[in-house]
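This report refers to the structure that appears directly beneath it.
Both ligands and their constituent atoms are indexed starting at 1 by order of listing.
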Amino acid sequence: MQRQKIIIEGIVQGVGFRPFVYQLAERFGLTGSVCNDSRGVTIEVEGKAGVLHQFVAAVRSEKPPLSVIQSLDTQEISVQGSIGFKILQSSVDETRRAQIAPDTFVCDDCLKELFDPDDRRYHYPFINCTNCGPRYTIVTGIPYDRPLTTMADFPLCDNCQAEYDDPISRRFHAQPNACPVCGPQLQLLASNGQPVAIEDPLSEAIRRLKKGQVLAIKGLGGYHLAVDAGNQKAVLELRRRKQRDEKPFALMAGNLEAVRRIAHVGDDEARLLLGVERPIVLLQKKADHKLAESISPANRYFGVMLPYTPLHFLLLQDGFEALVMTSANLSDEPIAFEDDEACQRLGAIAEAFLIHNRRIHTRTDDSIARVMADRPLLLRRSRGFVPRAVAFSVESRPILAVGAELKNTICLTRGDRAFLSQHVGDLKNLEVYDSFKQTINHLQSILEVRPERIAHDLHPDYYSTRYALEESGLPTVAVQHHHAHLASCLAEHGVEEPAIGVIFDGIGYGADGNLWGGEFLVGDLNGYQRVGHFRYQPMPGGDLATKEPWRMALSYLLSIYGEIPESVKIFDGIAANELRLVAQATMKGINAPLASSCGRLFDAVAALLDLRQTVSFEGQAAMQLEMVADPAQPQPYPYLLSHADDLIIFDPQPLVEDIVSDLEAGASTAKIAGRFHGSLAGMIEDVCSQIRQQSGLSLVVLSGGVFQNCLLTEMALECLNKSDFKVLTHSLVPPNDGGISLGQAVVAAHQ
Ligand code: ZN
Ligand code: ZN
Ligand code: FE
């Protein structure tokens, strides 16, 4: 006989861990107890040594789907001759440091009940259990207990209470437990916010969607705008009402088979789609899909997710090939999540609102993922992933990192864990900025952490920087933008050693006061050195150049030819007066800050190919360039690498010249775009080889928003692998500015 104490840390509370342990102990015939405590779960088990061993193995291999075991320690203690196995009550104090689980899609057991006419929760849109349902979005404070969730509004009925109290029920301590008798209810509102008197809001909502109406539907972390994705007129109408917004609409399809009818789904993609986090997954469209073209115009991809709440399953069960389910917001505003606010903001867009009375406490957007180079890559880490801890190799005093300005996220550290927030958005928008501050407060309160230092970007005008310097009252640590990108990728891989950082993005504030964005660094989590970069190029109009790619095309043409070559016709749509003024100012260096940006070179090439002269969101032109590129045309254009002050300077002048003559010769857009990608990939390998000679390093990190580009990333990987580099790319943390806060935190922790 032996007795073991097993201490488990991670996400092990509020996810059905204790009933799981209880049933496992019964199965193995072991005695003892299980309880929640400050770090996680502690188990004591007594029995034959061999059986104890099997028990521990089964804890690891059969753990509940939502749980994450970060560590499991066993120690032998003295045998007590205990009888039976008990679930011990934990005191409030003990559960305070527990980690709250992310929101999770409705599990198979609950789905069975949802569609079982004999079940008391038949067709009940808020069915959940300890293995599934809302978590992060409904938590108002800690400990994670019903009174501190938005389910506090719903006292449990006797049946639900009995399940909640029964250690072997799969709803034991399921805080959001509910049924049609005691739980939240659906309601249908007209566009003016008045309730529609109707027996069955769900059927009415489905009927209206089938008629082609736009519905605002309250989800887990916010509202979606929904239309029938097969109805071209309805999709176009939604696009018209959302104004100026050209972003692709996300889709929700009923099941994997339905997804396969509209898009190509590989094994890795299927795993992402079916994962408990249920992100939006970017998938290549099938040529014969029957959906509206305006869902993602000029784009080879659909963003598709599977249903994740019971309500979604009910909506999609009859008749829709897919629904458009796009975040309910106008351009740069945050996603609507409060009922009054949603009705006000969306009244002009939606004909009706399908809402319910379970409040959303924390706004959380859908996550977005794709498969790149055979690995999953998160482009937006949000609902389903937050607030799961991410890798952090160092134990440090608590740090708050406030991230970048676009695609903002924040990061809070506790001990040796880092907690990355949900996607916050573009801080220039006032409501997003409010949401940024709320997120900081909320994460601090649910993690019970008071940060002692605050890490921020070098850019003095970022709202996040200003918050750090002016409002936080904490000692500050400034972290250069591209160093943060590099550090976020190293941290994700748990790598402490130095690496060559190939950091390509739009714009980040450089240590020399210029704008950086095509950078070669050598560095680790402690520091970095800039060893190479794109040639500095004037950005006519500053920020405006980001919205109007023609300005970057103009900038390159002027610096190469001193004028616009006659063969280039792309400026016909620009007013002659404006064009002349911008050209003059750029030649004189007025209102044309210097940038070594890779993203802006993508913009210039996209404009030269006349793909886009203006964009409605950053990176749109670059995205289109990737979409049109023919991957079978990697033959590189020439470029120059020069050396100045120990820096390698990449000069794309010969490349731009050849593109102009290719255009004159009538070469296809696909071919030019393909060759452009190939040139950058070859250049990356070229520069890294030179850096390796100097530094002896052969570990390369690819990070920055440009590496959301699948074609470039895969081409660069191929070139680098051929030259025996070891390459780290992102997977769990976005390569774009959504990952900056993690990088800032890890750099600050090392200082
Ligand atoms: Zn469930
Ligand atoms: Zn009930
Ligand atoms: Fe960046």
Once rounded to 10°, what is the value of the angle centred on the Zn ion (ligand 1) between C107 SG and C110 SG? 110°

Angle subtended at the Zn ion (ligand 1) by SG of C132 and SG of C129, nearest 10°: 120°

For E277, the option from R383, R388, R135, R381 that meets salt bridge (Lys or Arg N to Asp or Glu O under 4.0 Å): R388

Among N, O or S atoms, D737 approaches the Fe ion (ligand 3) most closely through OD1

For the Zn ion (ligand 2), angle spanned by C182 SG and C157 SG (nearest 10°) is 120°

So which atom in E405 and which in Y463 form the shortest heavy-atom distance, rounded to 0.1 Å?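 Result for this residue pair: OE1-N, 2.7 Å.
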
Which angle, to the nearest 10 degrees, do you find at the Fe ion (ligand 3) between OD2 in D505 and NE2 in H485?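 With the Fe ion (ligand 3) as the vertex, the angle is close to 100°.
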
Are F313 and F115 close enough that their ring centers fall under 6.0 Å?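 No, they do not, as the ring centres are separated by 6.0 Å or more.
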
Measure centre to centre between the rings of H483 and Y528, then say whether the value is under 6.0 Å.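 Aromatic pair counts; centres sit under 6.0 Å.
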
Is the closest side-chain heavy-atom distance between F126 and H356 below 4.5 Å?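 In contact.
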
Is H481 close enough to the Fe ion (ligand 3) that one of its N, O or S atoms comes in under 2.8 Å?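 Here the distance criterion (N, O or S atom, under 2.8 Å) is met by H481, so yes.
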
